[in-house]
Amino acid sequence: MAEIAIIGGSGMTSMEGLSITRREMIKTPYGSPSGPLIFGEFDGCSVAFLARHGHKHSIPPHRINYRANIWSLNSAGIKKIIAVGAVGGIADECDTGMLVVPDQIIDYTHARSGTFFDGKPNEVRHIDFSFPYTESLRRSLIDAANINNVPLIDGGTYGVTQGPRLETAAEISRMQHDGCTIVGMTTMPEAVLARELDIEYASCAVVVNRAAGIGGKSINTDELSAAIQSGMEKARKVVSATLPKVVV
Ligand code: HPA
């Protein structure tokens with residue numbers, strides 16, 4: 001039985017190399033997840049895969065049913081999640097094509113259902129979220145990248161915006177002052193919901209553009225699509241090399 005799941009973002013709506021054994025659409029008290037959980041064997045490891053934006057990439061970040069996604073993974077017995085997603089680079093070293101395994105989050109989203117502990121009939125609980133990503137899982141990603149000579153930045157703050165529009169230059173400037181390294185739209189509330197259910201969670205973020213206003217240019221969204229394809233190849237390589245280390 002799979003204990004680890006990959007949540008694939010833009011550019012990763014399926015998992016190449018996965019020999020699929022079963023697909024299951026799990027009903028949850030929160031409604032439907034983004035799609036069926038795909039179970040299979042990858043390089044001898046049992047894994048599950050979920051396409052965050054749906055198989056046809058039709059669900060925008062603010063409409064993802066994060067609670068149903070994490071609930072479905074938990075009810076399938078998943079204990080660890082590697083989340084892959086595209087981001088914009090804010091820090092100088094976060095050039096297009098770079099991979100980042102962040103260690104902090106600033107949440108700028110609004111009106112997303114971000115907890116399982118929202119009162120009656122559920123309990124009220126305040127969980128510790130000082131360190132939002134699971135360090136051991138982060139390490140496994142970083143080690144796998146190092147062994148395979150894939151350049152990757154260890155640590156950084158993922159600023160999460162509401163989307164689906166990209167940010168203004170002033171918003172990115174503010175995020176830069178806040179200490180954000182990268183900007184994306186999906187790690188929250190995914191990470192906190194995983195923590196609430198005691199699921200280990202780490203993110204492999206792929207930089208697909210320089211964030212708004214950096215370098216004084218507008219963002220060319222055609223270039224962004226091309227960068228997603230090539231960046232996701234690198235992420236796939238790192239995730240594939242990580243799986244044998246984290247599957248027990
Ligand atoms: N901003 C927010 N999310 C993103 C970006 C960005 O520049 N690029 C890819 N996802």
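Read the numbers this way: they start at 1 and go in the same order the structure lists the ligands and their atoms. FYI, the numbering just counts along the sequence from 1.
- Between S10 and H57, the side chains place a donor N or O and an acceptor N or O closer than 3.5 Å (distance only, hydrogens not considered).
- Cluster note: Y108 groups with I90, I106, I172, M175, V183, I214 through ILVMFWY side-chain heavy atoms spaced under 4.5 Å, whether in direct contact or through intervening members.
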Return a table of N or O atom pairs, ligand 1 on one side and protein on the other, at distances under 3.5 Å, rounded to 0.1 Å.
from	atom 1	to	atom 2	distance (Å)
ligand 1	1 (N)	E167	OE1	2.7
ligand 1	1 (N)	E167	OE2	3.3
ligand 1	7 (O)	N209	ND2	3.0
ligand 1	8 (N)	G88	N	3.3
ligand 1	8 (N)	N209	OD1	2.6
ligand 1	10 (N)	A86	O	3.4

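- Here K79 does not pair with D198 in a salt bridge; the nearest charged N to carboxylate O distance is not below 4.0 Å.
- Between Y133 and Y201, the ring planes are parallel. Angles under 30° get that label, and only those over 60° would be called perpendicular.
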Enumerate, atom names and distances included, each donor-acceptor pair closer than 3.5 Å involving a side-chain atom of residues 97-104, sequence neighbours excluded.
from	atom 1	to	atom 2	distance (Å)
D103	OD1	G156	N	3.0
Q104	NE2	S130	O	3.0

Which donor-acceptor pairs under 3.5 Å do side chains of residues 237-248 form with protein atoms, sequence neighbours excluded?
from	atom 1	to	atom 2	distance (Å)
S240	OG	R236	O	2.5
T242	OG1	V238	O	2.6

